[in-house]
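Working notes, structure below.
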Amino acid sequence: MEAVLNYPVIIVHGGAWYIRDRDVEGHTAGCREAALVGWELLKGGAPAVDAVEAAVRVLEDNPAYDAGRGSYLNSAGRVQLDAIVMDGRTLDFGAVAAVERIRNPVSLARLVMERSEHRFVVGAGAEALAESYGVPLCDPDDLLGRINEGSWSPPRYRIVTDPTAEGGLIHAAVDPPDLTVVQGAGDTVGAVALDVSERLAVATSTGGTPDKWPGRVGDSPLVGCGAYADDTAGAAAATGVGEALMRIVTSKTAVDMMAEGLAAQEAADAVIGKLWERVRGYGGVILIDRRGRVGLAHNTPNLAYAYVLPGQSVVAGVARETRISAPGRAEGLAAVRGLDGRGRVTAD
Ligand code: GLY
């Protein structure tokens with residue numbers, strides 16, 4: 001097996017969708033903070049699963065993102081949250097969905113993985129499980145950060161089916177069909193880490209799509225769709241339109257590509273290409289392969305991200321894709337620029 005080049009490593013994202021110019025700084029800062037919180041743990045020898053949970057908690061607590069405090073409202077005017085944690089060493093995971101009174105769903109997902117006999121628990125049952133573990137339930141209003149910050153207005157955003165397209169392709173649409181009109185849109189958050197013991201882990205958390213049907217669950221908490229980690233191959237977190245991401249089992253597909261020998265960036269490009277070619281989906285991914293190389297790609301207007309590699313300072317930004325409706329490399333790849341010939345990422 002090839003030697004690991006880099007460890008520890010962490011990469012986080014703040015969602016693949018449209019980020020207004022005035023929000024770029026805040027989205028970048030939030031990702032940078034989350035990556036550094038995870039990085040400090042990794043540097044101290046903590047397991048990757050600790051790092052991804054801690055990083056995602058930071059993002060859940062930040063109202064800029066569609067996760068935890070700041071999530072979109074569903075069509076009933078309520079916040080319903082989904083999250084997953086996966087440990088690449090054991091292939092174990094825990095997930096929750098449609099919870100309304102959990103401030104940090106990622107931590108409840110971890111409790112499900114480590115303390116329950118189940119792996120995926122939803123709704124009131126998940127909240128009751130949280131209480132049984134001593135996790136205080138929050139007031140649903142505590143999750144309305146986006147509205148309380150005064151920055152939220154309902155996006156004109158819908159998932160639509162195109163019956164004229166081959167296979168009845170599902171994609172995201174806005175009315176009018178200009179992605180840049182979506183106001184205040186962020187998306188799902190996620191983190192992927194490789195620790196000093198060469199263990200991989202991933203965590204994903206979301207409020208789902210704006211104006212979603214109550215009870216609707218997207219890709220995020222579904223193992224293999226919103227997240228997947230396997231120490232023998234790599235780990236991936238996905239973001240974007242769940243209805244499409246589920247159809248190509250995005251994160252597992254990306255990990256399988258790394259298992260077949262693609263480097264993280266190659267797999268990121270390939271899986272976003274597949275997302276478009278097969279289901280006309282919009283989304284993004286962040287990856288770490290088992291050698292410690294990072295990758296990111298998206299075909300949405302933006303993807304906020306940050307990563308830290310050993311011996312280098314944190315790199316954070318908002319990647320831009322100007323060729324909307326086209327698959328492939330985002331400008332953000334420039335941030336992951338300069339694979340140095342030995343497959344290592346060079347950073348600023
Ligand atoms: N990717 C988040 C969702 O569709 O719910």
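Order of appearance sets the numbers: ligands from 1, and atoms from 1 within every ligand. Note that the structure is a prediction, hence the values are computed from the model and not measured.
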Sub-3.5 Å N/O-N/O distance, [X] and ligand 1:
| X | result |
| --- | --- |
| Glu243 | no |
| Gly240 | yes |
| Val241 | no |

Give me the other members of the hydrophobic cluster that Leu222 sits in, counting Ile, Leu, Val, Met, Phe, Trp and Tyr linked by side-chain heavy atoms under 4.5 Å, directly or via other members.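 Once heavy-atom contacts under 4.5 Å are chained together, Leu222 belongs with Phe120, Val122, Met246.
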For ligand 1, which atoms sit closer than 4.0 Å to a heavy atom of [X]?
| X | value |
| --- | --- |
| Ser220 | 1 (N), 2 (C) |
| Gly242 | 3 (C), 4 (O) |
| Asp219 | 1 (N), 2 (C), 3 (C), 4 (O) |
| Gly218 | 5 (O) |

Between His27 and Tyr65, is the ring-ring contact (aromatic ring centres under 6.0 Å, His included) condition met? List the steps. CA-CA 8 Å; His27 282 242; Tyr65 305 110; 5.1 Å; yes
For Val96 and Ala126, which heavy atoms make the closest approach, and how far apart are they?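 Scanning both residues completely, I find the closest heavy atoms to be CG1-CB, 4.3 Å.
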Count the heavy atoms belonging to other residues, nucleotides or ligands that lie under 6.0 Å from CZ of Arg78, then report whether that count exceeds 12.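 Counting other residues, nucleotides and ligands, CZ of Arg78 stays at 12 neighbours or fewer.
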Treating Glu266 as the side-chain partner and Ala263 as the backbone partner, does any N or O pair qualify as donor plus acceptor under 3.5 Å?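 Side chain of Glu266 to backbone of Ala263: a pair is present.
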Exam field: side chain Asp289 to backbone Ala264, donor-acceptor pair closer than 3.5 Å: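 Yes, the answer is positive, given that a donor and an acceptor are paired below the 3.5 Å cut-off.
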For atom 2 (C) of ligand 1, what is the nearest protein heavy atom, given as residue, atom name and distance?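 Minimum-distance protein heavy atom for atom 2 (C) of ligand 1 reads Thr188 OG1, 3.0 Å.
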Only pairs at least two apart or in different chains count here, so list each salt bridge (Lys or Arg N to Asp or Glu O under 4.0 Å) that has a residue in residues 189-198.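 Qualifying pairs: Asp195-Arg199.
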Taking 4.0 Å as the limit for heavy-atom contacts, which would you say applies to Arg216 with ligand 1: side chain only, backbone only, both, or neither?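 The side chain, only.
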